[in-house]
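Some notes on the structure that comes next.
Every heavy atom of this structure was used, including side-chain atoms; hydrogens, water molecules and symmetry mates were not. Bear in mind the structure is a predicted one, so any value in this text is a computation, not a measurement.
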Amino acid sequence: MRDDADFTRRAADLLAWYDANAREMPWRVPPADRTAGARPDPYAVWLSEVMLQQTTVAAVRGYFQRFMARWPDVAALAAAEDGEVMAEWAGLGYYARARNLLKCARVVVAEHDGRFPDTRSALQALPGIGPYTAAAIAAIAFDRSEVVVDGNVERVMARLHDHRAPLPRAKPVLTEMAAALTPDARPGDYAQAVMDLGATICTPKKPACGICPWCAPCAARAAGSAADLPAKTPKKAKPVRHGRAYVARRRDGAYLLERRPERGLLGGMLGWPGSEWTDAQLPPEAPPVAAPWRAVAGEARHTFTHFHLRLRIYVADLALDADPGTGVFIPAQEFRPSDMPTVMRKVFDLARDGFDDPE
DNA sequence: TACGCGTGGCA
DNA sequence: TTGCCAAGCGT
């Protein structure tokens, strides 16, 4: 049983810390403005929360600004072309998020009159919005007292209670702990306060317990175990896979690219034609078109979530009437390496050295 | 339930 | 250089 006075003070202490230390972010309404009645734009909250899934604030800032400038509301985004959105998302990773982002925008326009639903359960029914994101939007954009549990909250709760069972098994228990602390007042600011605490003080390594607003009640701080929590089940080692990538440039400067299938790795993104990626040293030759391919020195190295990849790279100059096969020629003035996933950009950086007249 | 799914920064 | 880590979701 919780002590109501302690419970109330816990949330109040954190909110007071947040009022003085909230990080400034382009999608956030500062606590002083929020208290004065300002409300965040649900579209901006949703967009930022999806971008922030498993992604650092530093990486998200620029993407968020560009998306908001280009598609300022959900109707604009819903009307965008798939390829334009995928290109704007390129480099941010976890591309299923971008595909679901578009699906979600179109559902909101088609079935919710262009306005985001304001309850956790209705939000969670939308594509790409799971338990965390639904609770976060409901709390931050709609002032609902929902229990918001992300990696920061899990870490803070594990330390506060010195809970040593490993994740992900411990998640239900940590969620209960978070629920017991979530206040009815200022739920959005509270959710953002715990996340700011986890990001700036209760950090994964070397937590700054000396300046933490929850230092006194923290059980892990007392036990000396804070830096070791939360415990996590060990991860599997990443295998190394090998493949070949083919960078063909037509005489007019157009590049031969392929749109990857919607499902799976880098789904829906532009990329260079290539072989399968296999555990073997190198898969058999699989050039996309007949051409005098030249091997480029070195290899592109890239690490995905669950494997390391090494790509041998081949380049060729093609005639103006060359057959694109299953690919598509992108004119030189439309080709931007930044429209492609990072691994494909690495391939291009090496390939351009292999052309006689690298631009 | 466990796995597939990106990337960049850091020690 | 290598491994770990960051505001999870879908299947």
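Partner of A:Leu174 under the side-chain contact (heavy atoms from CB on, under 4.5 Å) criterion, out of A:Leu167, A:Val153, A:Leu160, A:Val149: A:Leu167 alone.
Among the protein residues, A:Pro168 comes within range of no part of the nucleic acid, since none of its heavy atoms lies under 4.0 Å from any strand. Counting any heavy atom pair closer than 4.0 Å across all strands shown, A:Arg155 reaches sugar-phosphate atoms only and no base atom. Note on A:Arg345: only backbone sugar-phosphate atoms sit closer than 4.0 angstrom, heavy atoms only; bases stay farther off. A:Gly198 comes within 4.0 angstrom of no nucleic acid atom, judged by non-hydrogen atoms across all strands. Among the heavy atoms of the strands lying under 4.0 Å from A:Met25 is at least one base atom, whether or not backbone atoms are also near. Backbone-only engagement by A:Leu266 is indicated by non-hydrogen atom pairs under 4.0 Å involving sugar-phosphate atoms exclusively.
Atom CD of A:Glu154 and atom C1' of C:dA6 are 12 Å apart (whole Å). Rounded to a whole Å, the CZ atom of A:Arg120 is 12 Å from the P atom of C:dC9. Summarising the geometry, the separation between CG on A:Leu126 and C1' on C:dC9 is reported as 13 Å, rounded to the nearest angstrom. Across the protein-nucleic acid pair, A:His308 atom NE2 and C:dC4 atom P stand 10 Å apart, rounded to whole Å. The nearest whole Å value for the distance from the CD atom in A:Gln53 to the P atom in B:dC5 is 17 Å. Rounded to whole angstrom, the span from the NZ atom of A:Lys205 across to the P atom of B:dC10 amounts to 11 Å. Rounded to an integer number of Å, the gap from CD of A:Glu262 to P of C:dG10 is 16 Å. Atom CG of A:Leu167 is separated from atom P of B:dT1 by 14 Å (rounded to the nearest Å).
Using cut-offs of 30° and 60° for the angle between ring planes, the A:Phe64 and A:Trp27 rings count as perpendicular.
Between A:Arg28 and A:Asp33, no side-chain nitrogen of the basic residue sits less than 4.0 Å from a carboxylate oxygen of the acidic one, so the salt-bridge criterion is not met. Ion pairing between A:Arg301 and A:Glu299 holds under the 4.0 Å rule for side-chain N and carboxylate O. Note on A:Asp19 versus A:Arg186: salt bridge recorded, some NZ/NE/NH1/NH2 to OD/OE distance being below 4.0 Å.
The residue among A:Ala59 and A:Gly264 whose nearest nucleotide of DNA chain B is located toward the 5' end is A:Gly264. The nearest heavy atom of DNA chain C to A:Gln124 and to A:Val57 marks one nucleotide each, and the one closer to the 5' end goes with A:Val57. Comparing A:Gln54 and A:Lys103 by the nucleotide of DNA chain C whose heavy atom lies nearest to each, the residue mapping closer to the 5' end is A:Gln54.
Distance from the side chain of A:Tyr94 is smallest to B:dC5 among C:dC9, B:dG8, B:dC5. For A:Asn100, the side-chain atoms get nearest to C:dG10 when compared with the rest of C:dA6, C:dG10, B:dT7. Counting only heavy atoms from C-beta on, A:His302 has its side chain closest to B:dT7 among B:dG6, C:dA6, B:dT7. Candidate nucleotides B:dC5, B:dG6, B:dC3 were compared by shortest atom distance to the side chain of A:His306, and B:dC5 ranks first. Closest to the side chain of A:Thr342, out of C:dA6, B:dC3, B:dT7, is B:dT7.
A:Arg244 places no side-chain N or O within donor-acceptor distance of the main-chain N or O of A:Leu282, the cut-off being under 3.5 Å.
Within the 4.0 Å cut-off from OP1 or OP2 of B:dG6, not a single side-chain nitrogen or oxygen of A:Arg97 is found. Within the 4.0 Å cut-off from OP1 or OP2 of C:dC5, not a single side-chain nitrogen or oxygen of A:Lys206 is found. Contact annotation: A:Lys236 side-chain N/O to B:dC3 OP1/OP2 distance is under 4.0 Å. One finds a side-chain N or O of A:Thr133 lying less than 4.0 angstrom from the OP1 or OP2 phosphate oxygen of C:dC9.
Going from the P atom of C:dC9 to that of B:dG8 covers 22 Å, rounded to whole Å.
Contact of A:Thr305 with B:dG4 (side chain to base): no donor-acceptor pair of N or O atoms is detected under 3.5 Å. In terms of polar N and O atoms assigned as donor or acceptor, the side chain of A:Thr56 never comes within less than 3.5 Å of the base of B:dG8 in a complementary pairing.
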side-chain hydrogen bond (donor to acceptor under 3.5 Å, both in side chains) between A:Glu285 and A:Tyr246: does it pass, once the steps are laid out?
CA-CA 11 Å; A:Glu285 292 279 355; A:Tyr246 297 89; 3.2 Å; yes

